[in-house]
Number of protein chains: 2
Amino acid sequence: MIDVGIVEDNVKIRNLIQRYLDMQENLSCKIAVDSVEEMLEHLKEHDPPNVMLMDIQLPGMSGIEGIGIIKKEYPDIEIIMLTIYHDSHKIFDSLCAGASGYLLKHTTLPEIKNSIENLAEGGAPMSPQIARKVIEYFSAQEPQKKPVSDLTAREQDIVTGLVDGLSYKLIADRFDISIDTVRAHIRNIYKKLHVNSKAEVIAKSLRGEI
Amino acid sequence: MIDVGIVEDNVKIRNLIQRYLDMQENLSCKIAVDSVEEMLEHLKEHDPPNVMLMDIQLPGMSGIEGIGIIKKEYPDIEIIMLTIYHDSHKIFDSLCAGASGYLLKHTTLPEIKNSIENLAEGGAPMSPQIARKVIEYFSAQEPQKKPVSDLTAREQDIVTGLVDGLSYKLIADRFDISIDTVRAHIRNIYKKLHVNSKAEVIAKSLRGEI
DNA sequence: GAGCCAATCACATCTTCATGTGAATGAACA
DNA sequence: TGTTCATTCACATGAAGATGTGATTGGCTC
């Protein structure tokens with residue numbers, strides 16, 4: 001049984017969703033309020049729900065601010081935004097604040113039910129339109145540079161050691177080889193990467209350039 | 001009518017999907033090959049499909065490399081990855097390269113059909129597991145935008161120098177101070193960050209922990 | 001089987017780093 | 001006005017790193 005909470009200031013919509021969800025066999029929806037503040041009050045005295053449907057435009061604190069506060073206090077609550085807003089800023093702010101899903105308000109009741117189940121199974125429900133924006137975020141990013149490390153497996157081991165902040169001695173111990181071998185590998189790594197210090201190798205590696 | 005192409009090296013899977021899709025009223029799937037190279041050959045002489053299903057592990061060029069090449073030549077083709085890989089790197093590399101969807105191979109045929117329709121309607125089909133990773137990318141990214149570095153401005157300058165792979169001498173030159181001053185700053189930085197080597201400072205910095 | 005290369009080890013030398021100790025200046029703050 | 005702290009510099013020492021010049025082994029390839 002998945003326990004659902006709702007924060008939504010439109011009474012009609014709120015009641016409709018609550019009744020529908022609470023009617024389902026595998027869901028329970030006992031708490032539906034019209035502001036984050038009210039929900040926080042409620043949470044002080046009751047068990048937290050598993051999933052929360054949250055509007056963005058709310059009286060008092062906005063839903064996005066609410067995510068942060070609720071996730072901080074009750075990190076196990078999974079929050080799905082349910083809103084009319086589909087602009088990138090609100091979407092990304094919500095996701096960054098910790099929302100696990102984002103549905104537009106034209107979503108049908110059965111779809112909302114599916115989304116909640118989907119979430120409980122480790123998914124992340126999103127309206128298709130939202131998913132598209134999220135995906136486009138990535139292709140808008142700079143085209144990935146090709147790492148193509150010419151490094152051998154052993155050389156990459158050594159790099160890992162360097163990134164972990166180990167001295168040559170400790171790297172030698174970790175891989176059970178002599179410190180001179182470590183030195184030899186490092187010399188080859190420097191040559192291949194065209195660098196000449198540990199620092200540059202670590203920097204390159206952490207920038208994903210290896 | 002949506003025209004679909006398939007790049008998949010497993011003949012059984014490829015034929016199965018092709019036959020199923022081509023059987024649908026609103027879909028057509030005439031071209032199904034087992035490598036990106038073959039697909040590129042085909043595209044030279046035929047109209048490009050609207051949607052392409054693409055595996056990652058392929059003979060010759062990988063599917064991820066393929067995305068970039070195909071999207072560059074034929075930007076209107078929407079590419080859905082269809083693969084067994086669910087590791088973050090492959091997901092994000094694919095999306096950054098320009099994929100519009102990402103499905104895991106256990107996806108059923110009707111779900112694949114839905115995904116193609118979803119894509120045509122401006123959505124971005126993703127297996128729930130994938131959607132979750134994509135969403136988590138955001139909440140993992142932003143939250144600590146200000147890691148509250150206790151470092152002074154000068155100390156941060158020095159850190160920048162270290163990250164750039166400079167020696168103390170070069171850092172001293174860059175900021176026109178003596179090497180002993182650089183040493184002094186670095187000692188303070190080490191104390192504040194609780195580390196004791198250049199390597200750790202660089203690692204912390206590039207991980208955004210400063 | 002000659003040649004190439006990854007992986008291993010050794011020795012030597014010079015540079016750079018890490019750390020300890022100490023101190024002067026000047027701005028900020030109570 | 002005295003204290004705190006960032007910034008600057010100095011000297012010293014042992015540890016770690018960078019670089020040069022070797023060598024041996026085993027796998028792969030032409």
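A note on names: the letters A, B, ... follow the listed sequences, proteins ahead of strands, and every chain is numbered from 1. The basis for the numbers below is simple: all heavy atoms, side chains too, and nothing from hydrogens, waters or symmetry mates.
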Open item on the list: Using the side-chain contact (heavy atoms from CB on, under 4.5 Å) criterion, which residues pair with I135(A)? Sequence neighbours excluded.
Closed with: L95(B), A124(B), M126(B)
Open item on the list: According to side-chain contact (heavy atoms from CB on, under 4.5 Å), who are the partners of E200(B), at least two apart in sequence or on a separate chain?
Closed with: V195(B), N196(B), S197(B)
Give the rounded distance in Å between these two atoms: [atom1] of [X] and [atom2] of [N].
| X | N | atom1 | atom2 | result |
| --- | --- | --- | --- | --- |
| N196(A) | dG17(D) | CG | P | 15 Å |
| N188(A) | dG20(D) | CG | P | 12 Å |
| D173(B) | dC9(D) | CG | C1' | 15 Å |
| L151(B) | dA6(D) | CG | P | 10 Å |
| Y168(B) | dA15(D) | OH | C1' | 12 Å |
| K198(A) | dA16(D) | NZ | C1' | 7 Å |
| L162(A) | dG17(D) | CG | P | 9 Å |

TODO: Return the angle between end axes of the helix from dG1(C)-dC30(D) to dA30(C)-dT1(D), with five pairs used per end and rounding to 10°.
DONE: 50°
Task: First-last contacting nucleotides on DNA chain C - partner chain B, under 4.0 angstrom, heavy atom - done: dC17(C) to dT21(C)
Please tabulate, for the side chains in residues 28-35 of chain B, all donor-acceptor contacts under 3.5 angstrom to protein atoms that are two or more places apart in sequence or on a different chain.
residue : atom : partner : partner atom : Å
S28(B)  : OG   : D3(B)   : OD1          : 2.9
K30(B)  : NZ   : D22(B)  : OD1          : 3.2
K30(B)  : NZ   : D22(B)  : OD2          : 3.0
S35(B)  : OG   : E38(B)  : N            : 3.1

Task: For D9(B), salt bridge (Lys or Arg N to Asp or Glu O under 4.0 Å) partners two or more places apart - done: none
Open item on the list: Applying salt bridge (Lys or Arg N to Asp or Glu O under 4.0 Å), can you list everything that pairs with R19(B), at least two apart in sequence or on another chain?
Closed with: none
Open item on the list: So, using ring pair (Phe, Tyr, Trp, His ring centres under 6.0 Å) as the criterion, who are the partners of H86(B) when residues are at least two apart?
Closed with: none
Hey, can you pull the donor-acceptor pairs under 3.5 Å for the side chains in residues 115-123 of chain B, sequence neighbours left out?
residue : atom : partner : partner atom : Å
S115(B) : OG   : E111(B) : O            : 2.8
E117(B) : OE2  : N26(B)  : ND2          : 2.9
E117(B) : OE2  : K113(B) : NZ           : 3.4

Open item on the list: Quick test of your reading: applying salt bridge (charged side-chain N to carboxylate O under 4.0 Å, His left out), list the pairs with at least one residue in residues 77-94 of chain A, sequence neighbours left out, ordered by first then second residue.
Closed with: E78(A)-R132(B)
Open item on the list: For residues 48-60 of chain B, which residue pairs pass the side chain to side chain donor-acceptor pair (under 3.5 Å) check, not counting sequence neighbours?
Closed with: D55(B)-K105(B), Q57(B)-Y85(B)
Open item on the list: Less than 4.5 Å apart, side chain to side chain, heavy atoms only: is that true for L43(A) and M39(A)?
Closed with: yes
- [ ] Give, ordered by number, those residues of residues 176-187 of chain A having at least one heavy-atom distance below 4.0 Å to an atom of DNA chain D; if nothing qualifies, reply none.
- [x] R183(A), R187(A)
Open item on the list: Could you check whether atom NZ of K192(B) has more than 12 heavy atoms from other residues, nucleotides or ligands sitting under 6.0 Å from it?
Closed with: yes
